[in-house]
Amino acid sequence: MWPIIKITYREMISKRIFTITVLMSLAFLLLFGVATWFAAREVSDKLGAASADVMMMKGFFSTQLLGMGLYFGSIITALLAILSSVGSIASEIESHQIDTWLARAMTRRQYMLGKFLGLASMLILYAVLLYLGLIAINQWVGGGEMAVRISASQVMAGLGYFILLPVILVCVSLLMSSMTTTVTGGIVLIILYGISFIGGFVEQLGSLINQESLIQIGIVSSLIFPTDSLFRLSTLSLFEAVDNPLSFASQGIFGTASAPSPAMLAYTLLYGVVALFFAIRIFQKRDV
Amino acid sequence: MSDNVIETMCLSKQYDGKGGCKQITLQVPRGSVFGFLGQNGAGKSTFVRTMLGLLHPTEGSATMLGHPIGSVESRRKVGYLPELFRYPDWLTGRQLLKHHGEICGLSKRERDRVIGEVVEIVGLGGRVDERIRGYSKGMQQRIGLACALLSDPELIFLDEPTSALDPIGRKEVRELIARLRDQGKTVFLNSHLLSEMESVCDYVGIIHRSELVTSGEWRKLSTVKPQVEITMEQTSTDWHVHLPFVKDTRLLKEWDGQSIWLVTLDQEGRVPALLHELMAGGAAVHEVIRKQQSLEEVFLYWVQQKERETHVANH
């Protein structure tokens with residue numbers, strides 16, 4: 001399995017999409033840093049003295065800004081996960097590159113798991129760097145005005161959920177890759193991710209205006225593709241508990257007004273495991 | 001250990017009951033070069049890909065090196081050069097070989113040694129550190145050949161191994177195949193280039209429209225149509241009409257009262273009887289040459305016979 005993991009690393013690094021994504025991520029971090037710096041200066045200039053209202057407002061702004069950065073970070077991570085893994089099996093089958101690998105003394109399960117571990121670990125590394133980069137910018141560039149008050153354990157808990165997103169996406173991408181062509185798989189996954197993305201917003205909106213039907217739509221979309229719940233859990237962990245009335249975790253469009261339940265987390269994890277299981281089964285049974 | 005490295009029993013791989021290969025039963029002896037002949041689309045590559053576990057058989061069974069096909073064990077000492085040789089073009093030739101060496105379980109030291117050897121064998125010495133995307137088709141086929149030889153395999157599948165090579169490259173591959181046989185390795189050669197196969201194959205199998213038409217020792221199969229070339233003085237052109245064992249004749253050349261005839265007999269061992277009848281008829285026979293069929297003739301003979309059988313069965 002290790003040789004396949006190594007080939008997967010090499011392939012990801014060699015592919016233009018990874019290089020471009022890394023460069024664009026650096027540009028995004030730079031932009032986020034500039035935005036944070038200006039926001040900190042503006043808040044300091046305009047809001048002035050530290051009254052309770054001002055503190056509340058600063059807290060809201062800072063969490064929204066960081067939430068926005070993290071949300072965009074999760075989108076980049078998700079797209080990178082989808083685009084780098086949806087073709088990992090399918091394109092090799094289409095081009096017959098896979099033939100000489102599979103003609104070796106290696107099971108298809110080993111090949112698939114090698115691909116999974118290679119892709120997942122690489123994407124986890126990317127997600128960790130991006131997440132910690134955003135937090136670091138918020139903490140250091142934001143200074144006393146825009147830095148969200150968070151503990152190391154909150155960061156780690158938020159990061160834990162954040163890195164689960166690419167892992168789940170790799171599992172589902174590999175399932176699509178073992179079933180269908182690269183293009184078809186890519187389209188299906190992006191639509192599913194879009195459903196989850198929109199469903200997440202609809203659910204948060206429903207929760208804010210107490211509309212049960214909107215919340216139900218969000219829950220159904222999360223059941224179809226549960227990636228948004230991971231982002232919500234991540235922000236929830238980072239920005240305090242949801243049941244705290246003063247918590248900024250529940251506020252704004254990037255907050256988590258409707259918190260995913262532990263059952264949803266279990267469902268999400270199971271979703272990934274089942275997807276990987278079927279990816280292996282289908283790959284074992286199909287002709288290449 | 002069995003003397004056959006490949007044994008198949010009614011092995012089929014069909015798509016909705018059509019195409020592919022159907023009911024293939026054959027044996028490939030250890031240490032031989034087996035040529036699998038057939039037209040484009042006859043099912044040669046499907047058979048090889050089924051043996052290697054890339055395709056799942058729809059019927060029948062097979063073993064490779066004593067293990068059922070599809071198992072990891074069956075592929076442990078096998079090398080494969082696919083017909084559609086495509087390799088990750090973002091790797092260099094050496095990186096590709098290193099990765100294959102790792103999968104084969106070669107140690108770093110062993111890998112470096114073997115890579116050095118195989119790149120020299122396939123003639124890629126100076127270009128192995130370049131990226132594959134810069135390789136010509138011929139070079140890609142050479143790196144594929146190097147991959148196939150990397151694990152010191154006992155059985156090597158070469159699917160159209162010279163399709164992208166120039167005449168010198170083709171000759172080198174033929175020599176390589178002969179060397180591999182001398183080392184006791186078995187080569188399963190898929191090709192429709194009959195003239196190339198003729199010089200290297202010990203055994204052949206002929207596949208036509210998905211079905212195995214015949215298989216066996218190539219020299220024995222080449223006697224399917226016993227023929228002799230006779231140079232004689234004979235004025236009459238109907239000298240053969242009273243000879244029941246002469247199936248066909250063709251006048252090849254005529255000069256100064258002598259003529260060369262290509263005579264097809266009904267079975268082996270009729271040459272003495274033919275000569276006896278000619279002498280008795282007063283013909284002066286100058287030369288008799290036993291005609292060795294070319295692989296192309298053998299191939300066409302079996303394919304046409306199969307076509308006739310199919311035609312009769314359908315009407």
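Chain naming here is simple, since letters A, B, ... match the order of the sequence lines and numbering starts at 1 in each. Worth saying up front: this structure is predicted, and the values here are computed from it rather than measured.
No more than 12 heavy-atom neighbours from other residues, nucleotides or ligands sit within 6.0 angstrom of CG on B:Asp16. By the 6.0 Å contact criterion, CZ on A:Phe28 is enclosed, its count of non-hydrogen atoms from other residues, nucleotides or ligands being greater than 12. Dense packing is recorded around CZ of B:Arg133, with more than 12 heavy atoms of other residues, nucleotides or ligands lying under 6.0 Å away. Remark: A:Arg281 CZ is loosely packed, at most 12 non-hydrogen atoms of other residues, nucleotides or ligands lying under 6.0 Å away. Around CZ of B:Arg209, the count of heavy atoms belonging to other residues, nucleotides or ligands within 6.0 Å does not exceed 12.
In this structure, the portion of A:Arg286 lying under 4.5 Å from any heavy atom of chain B is its backbone and not its side chain. Heavy atoms of B:Glu73 lying under 4.5 Å from chain A are absent altogether. There is no contact between A:Glu92 and chain B, counting heavy-atom distances below 4.5 Å. For B:Cys104, the part lying under 4.5 angstrom from a heavy atom of chain A is the side chain only. For a residue to count as touching a neighbouring chain, one of its non-hydrogen atoms must lie under 4.5 Å from one of that chain's; by this rule A:Trp2 does not touch chain B.
Taken to the nearest 0.5 Å, the NE2 atom of B:His56 stands 8.5 Å off from the CD atom of A:Gln284. Within the model, atoms CZ of B:Arg86 and NE2 of A:His96 stand 9.5 Å from one another, a figure rounded to the nearest 0.5 Å. The distance from the OG1 atom of A:Thr100 to the CD1 atom of B:Ile103 is 8.5 Å, given to the nearest 0.5 Å. Note that CG of B:Leu91 is 6.5 Å distant from OG of A:Ser14, once rounded to the nearest 0.5 Å. For the atom pair CG (A:Leu102) and OH (B:Tyr80), the distance works out to 10.5 Å, reported to the nearest 0.5 Å. Taking CG from A:Asp287 and OH from B:Tyr15, the interatomic distance works out to 5.5 Å, rounded to the nearest 0.5 Å.
Each of A:Met106, A:Lys6, A:Arg10 has some count of heavy-atom pairs under 4.5 Å with chain B, and the biggest count is that of A:Arg10. Listed options A:Gln110, A:Met1, A:Lys285 were ranked by heavy-atom pairs under 4.5 angstrom with chain B; first place goes to A:Lys285. Between chain A and the options B:Gly53, B:Pro88, B:Ser71, B:Gly70, heavy-atom pairs under 4.5 Å are most frequent for B:Pro88. Between chain A and the residues B:His100, B:Lys77, B:Lys13, the largest count of heavy-atom pairs under 4.5 Å involves B:His100.
Looking at heavy atoms from C-beta onward, B:Cys147 lies in side-chain contact with A:Arg104 at the 4.5 angstrom threshold.
Pairing each heavy atom of B:Leu52 with each of A:Ala103, the nearest pair is CD2-CB, 4.3 Å.
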